[in-house]
2 protein chains.
Amino acid sequence: MTTVDDLDRPATAEVSGPSRLAERGEGISGEELQLAARNHGIPLEALRYDVTPAGLHYLLIHYDIPELDGATHTLTVDGVVDRPLTLSLAELRERPRVTRRVTLECAGNGRALLDPRPVSQPWLVEAVGNAEWTGTPLAPLLREAGISADAVDVVFTGADHGIERGVEQDYQRALPVAEALREEVLLAYEMNGAPLLPQHGAPLRLIVPGWYGMAHVKWLHSISVLTETFEGYQNAQAYRLRQNADDPGVPVTRIEPRALVRPPGFPDFMSRARVLRPGPSTLDGRAWSGHAPVVSVEVTTDGGETWAPATLDEPTDGDFAWRRWRYEWSPQPGRYLLSARATDASGRTQPVEQPWNRGGFANNMVQRVAVTVVPE
Amino acid sequence: MTTVDDLDRPATAEVSGPSRLAERGEGISGEELQLAARNHGIPLEALRYDVTPAGLHYLLIHYDIPELDGATHTLTVDGVVDRPLTLSLAELRERPRVTRRVTLECAGNGRALLDPRPVSQPWLVEAVGNAEWTGTPLAPLLREAGISADAVDVVFTGADHGIERGVEQDYQRALPVAEALREEVLLAYEMNGAPLLPQHGAPLRLIVPGWYGMAHVKWLHSISVLTETFEGYQNAQAYRLRQNADDPGVPVTRIEPRALVRPPGFPDFMSRARVLRPGPSTLDGRAWSGHAPVVSVEVTTDGGETWAPATLDEPTDGDFAWRRWRYEWSPQPGRYLLSARATDASGRTQPVEQPWNRGGFANNMVQRVAVTVVPE
């Protein structure tokens, strides 16, 4: 143990280093493993559920899960508003109640597949979930508070506290005013018909349908309206698409289109490689986009040499929930490499080559699932 | 895509290789990362909860989560019994109902800290949870079936199917008859007062208080009584303490004692290193053992140079649930390395040096939590 007089600067530098890229061929580090052991993705077989059950939805928690008391928790609305508000959870529950199915995906999904690999939470393709969120719409509350005509950003502050790249902070993210006023944005207090679990933001969180997970602030206690662009860490530094460390980059916002294959057959424990028996079989999975509804999914079973259209189930859950796709297949014994590729109504589709950026965000490169079909 | 006439052997070898140790300095591999992204541990701040909430309890799932229908699911009891039985879930629910708090820990907890590292699910220290399991005791059911006097092992079969080290299998584990007849063993259909979640074995699982997780067979559908030792993969090959690949080893059975520190202060996102302000603070955590009740916990804040006794809360939850410990501390600015060490009534305690074995099981080496105390 060392005790020194002024540890403030050395302490921060020692626990919270700069971002880095992994060396070529460098395995996943111990620090990345610590993140992977506590945050988790959806087990891909759980793509079978229309609504992702509790505990199978992906989780990305920057700091620690805070312990909050729903009985005393309040939400404040302040900044450039005519009538600052403070509401208890009971008061929020008395307001109009809406339930929406929304697909949430971590902006870092796909990061660990990038080359070179940005060193952070090492997601492969599984940082997604589709839950039913119940709460009250945010826009009427903002209108009641009376947002100033020159408002620019709305800042949402959670109760989770930590350090990131040397910056001590409560987790905070801002939305442009026009996004905050979208009718779909919810102050949510229930998930899948039950009170929010601690790890999903109990007792209150933001839901911003269509946006990557970093916008859906958990453990929400404060909303503040600004007349200038918010320059907090998570907006100005963390969640930006940059090509190098000096690039100011552009903000990460909405979810890029993605389809996932529910791996067919059964797995090897260690490699997770799939084994299937020959004969007729239905491939399926889910597809989503935060920009516009998914309009087509194509499937390849030969590693991308040929693609064929999949059938899409009717979208019954609104524009922000995933859709199931299906593809009939009758493989002979052999080795197959499966992918699915989603395209949305805005014309966006998934790349076969990696869309690299230094933070490892929004990598919607197509998933690859190796399947060996063995004789009966 | 390659199609060959007889893929049976190459296919198995290709998807399911032999066990191996990581090279010195080798980072976590992509295969280990796939496991870490789907299985997950308890976020250590969740050691605050007496009962681990759904979704925060550790999960280790060998193959895929199967999809079972509780309305039609049955449990059969057969083998060397006088009266083979088949019971529906409704019939099991009509039998005597017991709720027990039980700490479950994965036998592989601590594996990724071993040097050299066995390549498998890469747990650090977080593969644990303490839940309330409700079900009906197994022993009366076995007595009703009438176990033969020469019975040796009782085999429990789950509905999860996969390949492991080249062996295609349903997950099966046997207990010696005397263990299966312990009054604490439950056929559980509820966790924390709710029906089992899919990932925890819905609709029925075994709970064997005191044993590592591999014994608590999930998605249970069959119990078979044998007059010889069960030679299935999970008993005879997988879960054994071996010093090398040729060592027949000894079976992994009960949980070795362990204490965990709930990390104080707040974390850096990437390194998970802890930052704390100076002054009085209570360290706490949990301690458990499957061999005998925990009788003491010691704490060090200087990396093991000195140890001091912690206070143990009264054990109110039976012999198989974790106990909270507390330690008053008032650190000055500086760097600290915290550990806690549990000792149980059988005299077993935690080692400071790694108890290495080739499968990476039962590594209860003391946890180390680095804390930097910075001036206000």
Side-chain angles (χ1 to χ4, degrees), chain A residues 1-4 6-8 11 14-17 26-29 31 33-34 36-38 40-41 43 45-46 48 53-56 61-65 67 112 120 122-124 126 161-164 197-199 266-273 275 302-303 332-336 372 374-375, chain B residues 1-4 6-8 11 14-17 26-29 31 33-34 36-38 40-41 43 45-46 48 53-56 61-65 67 112 120 122-124 126 161-164 197-199 266-273 275 302-303 332-336 372 374-375:
Chain A
M1 190 192 82
T2 310
T3 302
V4 296
D6 183 356
L7 261 168
D8 208 20
E14 137 195 330
V15 304
S16 190
E26 178 186 328
I28 300 291
S29 65
E31 291 195 347
L33 179 59
Q34 287 187 91
R38 55 178 274 122
H40 66 89
E45 67 271 27
R48 74 164 72 102
L56 296 180
I61 294 166
H62 280 241
Y63 313 126
D64 284 357
I65 300 167
E67 188 166 28
S120 184
W123 294 122
L124 297 163
E126 64 291 286
H161 185 86
I163 292 190
E164 210 160 336
L197 291 163
Q199 65 271 32
F266 54 87
D268 176 58
F269 169 70
M270 189 63 224
S271 68
R272 308 315 290 179
V275 177
D302 58 12
Q332 296 300 305
R335 299 179 184 85
Y336 299 85
T372 304
V374 300
Chain B
M1 189 192 83
T2 311
T3 303
V4 297
D6 182 357
L7 262 168
D8 208 20
E14 135 195 333
V15 303
S16 190
E26 179 186 327
I28 299 291
S29 65
E31 290 195 347
L33 178 59
Q34 287 187 92
R38 53 179 277 121
H40 67 90
E45 66 272 27
R48 75 163 72 103
L56 296 180
I61 294 166
H62 279 240
Y63 313 125
D64 284 358
I65 300 167
E67 188 166 27
S120 184
W123 295 123
L124 298 161
E126 64 291 286
H161 185 86
I163 292 190
E164 212 161 334
L197 291 163
Q199 65 270 33
F266 55 86
D268 176 58
F269 170 70
M270 189 64 224
S271 68
R272 307 316 291 179
V275 177
D302 58 12
Q332 296 300 306
R335 299 178 184 86
Y336 300 85
T372 303
V374 300

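Order of the sequence lines sets the chain letters (A, B, ...), proteins ahead of strands, with each chain counted from 1. Not measured: the values here are computed from a predicted model.
Taking all atoms of both residues into account, the shortest heavy-atom contact from B:S271 to A:E31 is CB-OE2, 3.3 Å. When all heavy atoms of A:V275 and B:I163 are compared, the closest pair comes out as CG2-CD1, 3.8 Å. Between B:V15 and A:D268, the shortest heavy-atom distance links the atoms O-OD2, 2.8 Å. The two residues B:E45 and A:Y63 come nearest to each other via the heavy atoms OE2-O, 4.3 Å.
Residue with the most contacts toward chain A among B:Q34, B:E26, B:H40, B:E164: B:H40 (heavy-atom pairs, distance under 4.5 Å). Contact count against chain A (heavy-atom pairs under 4.5 Å) is highest for B:G27 among B:G17, B:G27, B:A54, B:A273. Each of B:S29, B:G303, B:G162, B:A112 has some count of heavy-atom pairs under 4.5 Å with chain A, and the biggest count is that of B:G162. Residue with the most contacts toward chain B among A:G41, A:P122, A:A37: A:A37 (heavy-atom pairs, distance under 4.5 Å).
Remark: A:M270 CE to B:S16 OG distance equals 10.5 Å, nearest 0.5 Å. Taken from CG in B:L124 to CZ in A:R38, the straight-line distance is 12.0 Å, to the nearest 0.5 Å.
Note on ring orientation: taking the six-membered ring where Trp is involved, the planes of B:H161 and A:F266 are perpendicular (angle over 60°, cut-offs 30° and 60°).
For chain B, the nearby part of A:E126 is the side chain; its heavy atoms alone come within less than 4.5 Å. At a 4.5 Å heavy-atom cutoff, the contact between A:L197 and chain B is made by side-chain atoms alone.
In terms of the side-chain contact (heavy atoms from CB on, under 4.5 Å) criterion, residue partners of A:P198 (sequence neighbours excluded) are, by chain and number, A:I65, B:Y49, B:P53.
In this structure the side chain of A:D64 never reaches within 4.5 angstrom of the side chain of B:P43, judged on heavy atoms.
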